[in-house]
Amino acid sequence: MKFNPNRRAFSLVELLVVMAIIAILIAMLLPAVRTTGEATRRTSCMNNLRQLSLAALNYEGAHLKLPSCIGGADLSGDAMMYNGTFSLLPFMERQVLEQQIRDPFVEGEQSFPAMPAPWMKAYPPWQTRIDTLLCPSSNDGSEEFGGQHYGFCVGDRARNLVNPENPRGPFAGSLQVSLNEVTDGTSNTIAFAEIGRGPIEEYRIGIQGGSQILDFPASTIAFSEDAKFSDRRRTDCWADGRTGITQVNTITPPNSACWLTEDIGSDGILPASGPHAGVVVVAYLDGSAHAISVDIDCGDTATSALSEDDIKNRVPSPYGVWGALGTINAGDVNFDE
């Protein structure tokens, strides 16, 4: 090769200009990449909720009723406090895991009885990670258990969450609901909703709120300065059926604070919450998933939580469109989302 003395090289200034242009293009591209990534994660979250709703419908097809969200039809002892997710395991292709729990379990030198308490930290099956229960935009929320980011909708009920006399939502404590009872329509009724948010501190559960939180739900939208918190988080364990971990009610707006009257298994205000900007993702009882604005109409949150007589008499929800979406038979279906 001959040296060409007339060949011109890039100057330092030209190189710096090119580098600056590349840096600007990268800076312009990164937000789009982040937005695309979040859209993908939200789609995955919606798919998880669809799978949960379909599992519940398949359970109903086999048993003629939806599962209870606390315990189960054939459970006793500590197992009566299992999360309703346990009943759905065979319909989520987790038959092996369900059978492990139903049988005595041995691992190394440790042995465990069949159907142990759902808060037993050392029990290996409770540490199982179930991807269908985890939103990819949320933190797992627990190092000791397999976490979960979705809760069972009990409608606009905040009283008698453990042993209700009548269902208000598609799930109701230890009751089992038939699809025949869903007269508002499965496409108008929320079955599952997110309960997981971003940083771990946002999973907190306010406790010892007293009866005033039921008398005045609007007071629970944010945590007070003197709030007391449970040592358990909203997303701690997919096996635990206590109300603060299992249930969602459609009273206060999505992403409001979670408050219980006494402890982790008491009555309270249990809002949906999620990490997706501006929306919370839910699954309807027809197997579809939807992203609902956090600014959805919630009616009058100053209205006292419904009594058992209100629910028995099927009064329309006082909590606007959000409350109506949670009910199964209150006749409040004529609304626009």
Side-chain angles (χ1 to χ4, degrees), residues 52-53 55-56 59-60 63-88 115 117-119 148 150-182 184 189-193 195 205 207 209 211 213-214 217 230 232 234 236-252 258-272 285 305-315 317 319 323 325-330:
L52 276 175
S53 185
Y59 179 101
E60 197 276 342
H63 299 278
L64 304 181
K65 287 189 175 183
L66 295 167
S68 56
C69 58
I70 302 177
D74 63 338
L75 305 183
S76 60
D78 286 337
M80 285 303 295
M81 291 306 297
Y82 279 10
N83 191 309
T85 301
F86 174 77
S87 298
L88 295 180
M115 311 292 281
W119 43 82
Q148 51 89 26
Y150 309 115
F152 291 77
C153 179
V154 297
D156 56 353
R157 167 191 288 281
R159 305 180 193 270
N160 301 335
L161 293 179
V162 177
N163 292 304
E165 296 177 14
N166 304 281
R168 182 66 170 180
F171 303 100
S174 55
L175 294 181
Q176 288 188 274
V177 177
S178 166
L179 287 184
N180 293 332
E181 298 176 75
V182 188
D184 286 353
T189 303
I190 294 173
F192 298 92
I195 57 172
I205 302 173
I207 57 174
S211 61
I213 69 172
L214 305 182
S230 170
R232 299 297 301 274
R234 194 93 158 97
D236 256 3
C237 179
W238 62 262
D240 197 330
R242 287 176 289 182
T243 55
I245 298 175
T246 303
Q247 299 184 19
V248 172
N249 47 30
T250 53
I251 298 174
T252 54
C258 176
W259 273 99
L260 295 169
T261 56
E262 298 177 19
D263 56 27
I264 190 70
S266 61
D267 293 340
I269 308 299
L270 309 170
L285 198 51
L306 300 178
S307 67
E308 200 65 52
D309 282 342
D310 291 331
I311 293 172
K312 181 179 180 180
N313 294 326
R314 300 184 181 182
V315 299
S317 178
Y319 305 115
L325 283 170
T327 66
I328 60 172
N329 54 17

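Source: prediction; values computed, not measured.
- Atoms CG and NZ, from Asn166 and Lys312 in turn, are 7.0 Å apart once rounded to the nearest 0.5 Å.
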Item to complete: Tell me, with the steps shown, if Tyr150 and Leu52 meet side chain to side chain contact (heavy atoms under 4.5 Å, CB included).
Response: CA-CA 9 Å; Tyr150 309 115; Leu52 276 175; 3.7 Å; yes

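- Residues Asp309 and Ser307 have side chains that never bring a donor and an acceptor to within less than 3.5 angstrom of each other.
- A pairwise comparison of heavy atoms in Ala191 and Ser53 identifies CB-OG, 4.5 Å as the closest pair.
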Worksheet item: Could you walk me through whether Leu270 and Leu161 pass the side chain to side chain contact (heavy atoms under 4.5 Å, CB included) check?
Response: CA-CA 10 Å; Leu270 309 170; Leu161 293 179; 3.8 Å; yes

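- When side chains are defined from C-beta on, Pro118 does not count as touching Asn83, because their heavy atoms never get closer than 4.5 Å.
- By the 4.0 Å N-to-carboxylate-O rule, Arg157 lies too far from Asp267 to be salt-bridged with it.
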Worksheet item: Given Val248 and Arg234, is the side chain to side chain contact (heavy atoms under 4.5 Å, CB included) satisfied, shown in steps?
Response: CA-CA 11 Å; Val248 172; Arg234 194 93 158 97; 4.1 Å; yes

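- Looking only at side-chain heavy atoms (C-beta outward), Val177 and Pro170 stay at 4.5 Å or farther from each other.
- Pairing each heavy atom of Pro271 with each of Ile269, the nearest pair is CD-O, 3.3 Å.
- The shortest non-hydrogen separation linking Gly173 to Ser68 is O-CB, 3.3 Å.
- Counting all heavy atoms, side chain and backbone alike, Pro67 lies closest to Leu88 at CG-CD2, 3.8 Å.
- Nearest heavy atoms, Ile245 versus Ile264: CG1-CD1, 4.2 Å.
- Atom OG1 of Thr243 is separated from atom CD1 of Ile70 by 6.5 Å, given to the nearest 0.5 angstrom.
- Side chains of Glu181 and Asn329: a donor-acceptor N/O pair is absent below 3.5 angstrom, by distance only.
- Under the 3.5 Å distance criterion, the side-chain polar atoms of Asp263 are matched with a main-chain donor or acceptor of Gly265.
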Discussion item. Let's go through Ser317 and Arg168 carefully: what are the C-alpha distance in whole Å and the side-chain angles of both, what is the deciding distance for side chain to side chain contact (heavy atoms under 4.5 Å, CB included) to 0.1 Å, and is it a yes or a no?
Written reply: CA-CA 10 Å; Ser317 178; Arg168 182 66 170 180; 4.1 Å; yes

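- Under the 30°/60° scheme for interplanar angles, the aromatic rings of Phe171 and Phe152 are found to stand perpendicular.
- Closest approach of Tyr59 and Gln176 over heavy atoms only: OH-NE2, 3.3 Å.
- A 4.5 Å side-chain heavy-atom check between Leu285 and Ile190 finds every atom pair outside the cut-off.
- Here the CZ-CG distance, from Arg242 to Asp236, works out to 9.0 Å after rounding to the nearest 0.5 Å.
- For the pair Leu75 and Phe86, the minimum side-chain heavy-atom distance is below 4.5 Å.
- Annotation: the span from Trp119 atom CH2 to Cys237 atom SG amounts to 10.5 Å, rounded to 0.5 Å.
- Considering Thr189, Asp156, Asp184 in turn, Asp184 is the only one that fulfils the side-chain hydrogen bond (donor to acceptor under 3.5 Å, both in side chains) rule with Thr327.
- Here the CZ atom belonging to Arg159 is positioned 8.0 Å from the OG atom belonging to Ser211, to the nearest 0.5 angstrom.
- Taken from OG1 in Thr252 to CD1 in Ile213, the straight-line distance is 10.0 Å, to the nearest 0.5 Å.
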